[in-house]
S.K.: 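Got a structure for you, written out below as structure tokens; questions coming shortly.
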Amino acid sequence: MTFTKTVALFLAIALVACGPFSKPPTRETIEVRGTPYERGLAHGTQLRSKVRSFYTTLLTNSLFPYLSREQPDIVSFLPEYGAERFQNGNFAYELFLDSAKNIERSLNRATREELQGVADGAGMTYDQILVLNTFFDSVLAVRGVALAIRLARAPLLKSVEFVGAATDGVDNDNDGQIDESGEGRFEPYIPELYGLAVELAPAAAIRLVLTEVDGVDPATVRIFLDNQLYTSESPEMVITELSGTDLEVTLTPSTPLANALTTTLVIGAGDKKLISAPLPVRASFMRDEEIAFTTRGAGVNRRDVRRPPLTDGRTRPPPIAIGVRGSMTAGGKSFIAHHFSLLDANTAHKHTVAIRHVPESGPAFVTVGWAGIVYGLSGMSERGVGYACDPADSLDNSVVGSVLEQVADISKAKLLAKGLPIGFLGRRILEQSTDAVSAREVIASAEKVYGWTCVLGDSKGGLEAIEVDSDIFNDGSKGVFNLSTTELDATGRRYASTSDDDFVLGSNYVKNVPDIASLLVAGQRIVPQRQWSGFFYRSRRAVDGAKGRLEAGKGTIDVEFLQNLISDPQFVDSSDSMNAVVLDFENLQVRSAMGQVPATAGPFEVTEVKP
Amino acid sequence: MKRVIMLVTSLTASLALAMETQVLPQSTFTFDFAYLSTSLDKQWSGDGKALPLVEESRRYEPGAGLQGILRPRPQAQLDVLLIQALYGITDRLTAAVYVPIVLNSRVNTNISWEEGDYQSQLGRKYSEDDFWGWASSLGQPRVPEQWQAGVRLADIILGGRYLLPENEWMSKNHFRWAATLQVALPTGTNFDPEAAVSVGTNLWELHAAGDVEAHVSADKHFFVDEYGVYRINIGADLFYSFFRPREYTAGRGTVNPLLNNNAFFVGDKYIVDGGDWIGGTISVDAVPFLGPTRASIVSGGNLEKANALPGMLTLTVSYTRVQTFQSDWQSQSPLWDYDREKFWQPGVKNIVKATATVSLLRVGVPVQIYARYQSGDLLPGAYTRPANVFTAGVRLVAKFW
């Protein structure tokens with residue numbers, strides 16, 4: 001062999017040895033056809049590795065261990081969870097399996113067959129796929145119970161007083177009276193959907209009372225107002241311990257607020273008792289309470305106060321759904337836009353999928369979701385019916401209901417979800433509904449596992465919205481609160497619209513208020529959504545922001561406008577954004593951005609609903 | 001945190017012979033004992049930027065945003081004893097066996113923490129201690145600041161070099177060429193799939209040499225005296241390294257449930273086809289000092305033969321460029337595979353070595369001692385991990401019949 005030939009041989013080998021290298025897609029689009037089992041099997045087979053990795057990385061490696069941290073708290077309330085079966089890291093899986101089995105009773109045969117198909121295709125057990133398909137509602141319900149238990153031992157904002165409001169010659173609470181006794185003082189403090197007070201003196205002091213049985217730690221008090229942070233070290237803040245439980249905080253900003261200002265007062269504090277198990281060591285911290293108000297010259301009523309963006313670096317936008325039609329849009333078209341955020345855990349975005357179902361009978365439809373889950377939190381059918389749903393924290397949920405049913409023997413009580421998860425209701429909408437009204441009825445007529453808000457639309461211009469909970473006290477509502485764009489609340493404001501042709505819903509109730517009466521169950525405090533949900537204030541803020549944008553774009557809104565709107569950082573949770581969807585009813589197209597975090601960091605891609 | 005695994009680009013099979021084409025005289029043995037101290041603290045990106053060996057790990061609280069970012073900057077240190085035995089079967093064919101023994105492996109993880117989102121349930125952002133406290137409540141122990149392992153055998157290499165026949169022009173111009181074939185035996189170990197930090201000792205993990213390597217080498221002597229001893233030699237070597245696919249066991253999270261639990265979707269076993277290499281070396285040997293020469297047992301009492309022995313001091317510098325091919329992880333999860341393959345794309349190693357060899361053969365002592373420094377990061381590479389290696393060795397030459 002000559003030297004030249006040797007070199008040539010080496011080069012030839014080098015060229016042959018360079019293999020292709022490409023990133024597998026983090027978003028997939030698949031089409032499944034046939035019977036429910038066949039469609040499930042195709043889903044599980046085509047996405048086998050993703051179904052398995054989604055289950056492992058989201059549930060086994062993330063959610064199950066995370067929720068196992070709640071076990072000590074839950075055992076203190078429900079001793080059954082101290083049993084052997086729930087030990088050795090099995091707490092969360094066993095808990096969710098119990099709930100999944102309970103939910104399974106509400107699933108029809110076709111759904112169960114589809115789940116079996118997914119399990120067979122992915123090489124997993126039916127139980128695992130069942131847990132994967134019920135965890136959204138179950139986790140939210142259990143997390144809600146755990147959060148309520150946790151917040152019950154955290155400081156509570158007992159009262160808020162805008163000092164001098166009772167003598168300022170202004171009707172600060174829009175009750176039609178000026179400077180009546182107690183004006184400007186709010187005790188007990190009840191979180192408000194809109195503004196708490198208006199037309200306040202810019203230099204007025206604000207006095208708060210916080211309370212907790214273990215005492216409020218003065219060093220943890222934190223107030224954020226008009227882009228200014230005040231702590232216990234700040235000279236503007238005077239802190240007085242009124243008793244072993246009550247702490248008074250008086251804030252007098254060194255420079256008066258601006259006139260005609262709409263702003264938010266944010267209050268946070270922890271108690272004096274440190275918790276060391278499970279780690280890390282921490283006090284029990286209250287939810288950041290956010291109070292919106294205006295100063296002299298703003299000229300708006302409490303009901304019209306819109307929460308401005310908050311820049312304290314501690315808040316993230318919630319999921320949001322927007323429906324528009326008619327006068328709001330260019331050409332009178334109908335759209336639903338949805339940015340869904342909940343938990344990415346650095347894994348959900350790698351497992352996104354748009355699935356076009358082509359059943360043997362009935363319309364084709366598209367769901368936007370995740371590998372192994374047979375539904376999405378949004379979707380559209382060939383009949384031109386679509387939906388988008390977001391969680392609305394509520395203790396009026398089936399898990400709390402199950403505890404109440406077992407309260408006679410709390411030692412044996414368990415947290416059991418019951419009813420139909422919202423995603424399965426979404427599937428039923430796509431399979432059965434012919435318009436937005438019938439879609440709403442699908443949700444209204446079912447037993448719900450958890451609290452949700454949904455916007456529903458159709459290609460004929462139908463636009464509906466609904467808030468639901470589990471109605472565990474049978475209060476006559478059946479847990480159904482239909483919204484219309486024209487309906488006004490007691491203060492004369494539209495519930496969730498800026499016009500007759502739009503809905504803006506976040507992750508809080510606007511009509512189902514209060515969603516549950518305050519009461520004590522086995523020593524645990526049960527309170528309405530607005531008093532505990534971590535979504536409440538951020539949802540109000542996001543909704544207010546979106547309403548402003550819709551009003552500015554009225555008559556010109558189109559697909560591009562909506563894509564830009566739900567991609568705006570004001571509405572994007574940079575850590576837990578899961579997907580962003582625009583349903584184009586006229587063209588029967590589902591436009592989705594997903595496969596990265598945040599979802600809108602990538603392009604919107606079109607999935608045709610028609611096969 | 002992502003599991004911290006080192007693939008230590010470090011040990012290079014250190015041929016006991018100077019020049020690219022050197023072979024032993026018939027019936028001659030050489031025993032070489034070398035100590036290698038190898039250190040590694042970076043990997044090259046595709047565009048030649050130095051990156052930490054392990055990717056940052058973003059940790060999330062389910063539904064509560066970013067807890068923070070763990071940024072490991074591991075530094076790995078391996079101490080290796082390389083024992084080499086070579087035998088001249090004929091004057092043109094030499095056989096060799098290389099036995100690398102990893103005496104000690106240490107990895108300092110050097111993990112730093114960047115705070116993430118505010119956590120309302122804590123009333124603060126997670127500090128690093130908060131995070132590990134949280135992790136411990138989920139059964140995940142803190143990643144140790146240092147990992148250490150003791151004596152372990154690496155893959156043993158068998159080799160043979162054949163000095164190819166020279167034609168008249170080659171002989172006249174002091175040009176020679178040789179072919180070398182090396183084959184590794186799978187005596188090394190894989191990393192521990194359950195450990196947060198672990199280093200294996202197989203050739204792929206050491207990134208030292210291929211499982212099978214074929215070399216074609218050439219040397220050209222300059223300033224050759226009447227005994228055939230050169231003052232300058234320029235050598236070149238072209239080689240192809242083949243890596244066999246290796247089977248690994250996936251982690252089940254028995255020790256590190258949050259870091260190493262992937263068998264369910266990766267599969268119990270997976271294959272790593274590391275990608276072959278093609279490379280070349282250019283070297284220059286200079287002999288500034290021939291030294292005194294005397295007839296001795298080494299030269300069979302023959303002064304003329306003693307004069308043909310290597311000079312007393314040889315200085316060598318070399319540059320090696322290795323082109324690595326695309327790696328291929330083969331598990332049940334293409335996404336998981338990709339997250340590993342992206343760090344082992346077709347890449348480049350640039351290795352510069354300087355060696356000083358003192359040979360006492362001319363004065364009748366059958367010993368050579370040498371020291372070498374190999375720099376892997378003097379010149380940036382791509383998608384590889386540059387190790388710096390200091391070597392000190394002693395070489396005994398013996399002829400028993």
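Chain identifiers are assigned alphabetically (A, B, ...) following the order of the sequence lines, protein sequences preceding nucleic acid strands; residue numbering begins at 1 within each chain. Small disclaimer: the values here were computed from a predicted structure and weren't measured.
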S.K.: Could you tell me whether B/Arg59 and B/Glu128 have a side-chain N and a carboxylate O separated by less than 4.0 Å?
M.R.: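 No, no charged N to carboxylate O under 4.0 Å.
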S.K.: Non-hydrogen atoms of chain A under 4.5 Å away: do they reach the side chain of B/Ser136, the backbone, both or neither?
M.R.: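 Only the side chain of B/Ser136 comes within 4.5 Å of chain A.
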S.K.: For A/Thr220, is it the side chain, the backbone, both, or neither that has a heavy atom closer than 4.5 Å to a heavy atom of chain B?
M.R.: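 Neither the backbone nor the side chain of A/Thr220 comes within 4.5 Å of chain B.
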S.K.: At a 4.5 Å cut-off on heavy atoms, which part of B/Gln67 comes close to chain A: side chain, backbone, both, or neither?
M.R.: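 The answer is neither part of B/Gln67.
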S.K.: At a 4.5 Å cut-off on heavy atoms, which part of A/Asn61 comes close to chain B: side chain, backbone, both, or neither?
M.R.: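 The answer is both parts of A/Asn61.
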S.K.: Checking A/Gln71 against chain B: side chain, backbone, both or neither under 4.5 Å from a heavy atom?
M.R.: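 Neither part.
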S.K.: Quick test of your reading of the model: are A/Asp573 and A/Arg316 salt-bridged, counting only N-O distances below 4.0 Å?
M.R.: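 Salt bridge flag = yes for A/Arg316 with A/Asp573.
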S.K.: Is the B/Tyr270 to B/Trp336 ring centre distance short of 6.0 Å?
M.R.: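 Between B/Trp336 and B/Tyr270, which both carry aromatic rings, the centre distance is below 6.0 Å.
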S.K.: Restricting to side-chain hydrogen bond (donor to acceptor under 3.5 Å, both in side chains), what partner residues turn up for A/Ser62, sequence neighbours left out?
M.R.: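 For A/Ser62, no residue satisfies side-chain hydrogen bond (donor to acceptor under 3.5 Å, both in side chains) once neighbours in sequence are set aside.
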S.K.: Against chain B, label A/Val281 side chain, backbone, both or neither, depending on which of its atoms sit under 4.5 Å from a heavy atom there.
M.R.: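 For A/Val281, backbone heavy atoms alone lie under 4.5 Å from chain B.
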S.K.: So does B/Glu61 pair up with A/Arg69, basic N to acidic O under 4.0 Å?
M.R.: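 Salt bridge flag = no for A/Arg69 with B/Glu61.
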S.K.: Under 4.5 Å from any heavy atom of chain B, what part of A/Tyr55 do you find: side chain, backbone, both or neither?
M.R.: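 The answer is the side chain of A/Tyr55.
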S.K.: Sort B/Asp117 into side chain, backbone, both or neither according to what part of it lies under 4.5 angstrom from a heavy atom of chain A.
M.R.: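 For B/Asp117, side-chain heavy atoms alone lie under 4.5 Å from chain A.
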S.K.: Non-hydrogen atoms of chain A under 4.5 Å away: do they reach the side chain of B/Pro257, the backbone, both or neither?
M.R.: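 Backbone only.
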S.K.: Of the backbone (N, CA, C, O) and the side chain (C-beta and beyond), which part of A/Ala277 lies under 4.5 Å from a heavy atom of chain B, both, or neither?
M.R.: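 No part of it gets close to chain B.
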S.K.: For A/Arg314, what residues pass the side-chain hydrogen bond (donor to acceptor under 3.5 Å, both in side chains) criterion, not counting sequence neighbours?
M.R.: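 So A/Arg314 forms a side-chain hydrogen bond (donor to acceptor under 3.5 Å, both in side chains) with A/Asp288, B/Tyr118.
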S.K.: Report which part of B/Tyr60 has an atom under 4.5 Å of a heavy atom belonging to chain A: side chain, backbone, both, or neither.
M.R.: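 It is the side chain, since no backbone atom gets that close.
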S.K.: Output yes when B/Arg124 and B/Asp130 qualify as a salt bridge under the 4.0 Å nitrogen-oxygen rule, no when they do not.
M.R.: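 Looking at B/Arg124 and B/Asp130, the cut-off is met.
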S.K.: Can you spot which of B/Asp237, B/Thr180, B/Thr21 makes a side-chain hydrogen bond (donor to acceptor under 3.5 Å, both in side chains) with B/His215?
M.R.: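 Of the listed options, the one satisfying the test is B/Asp237.
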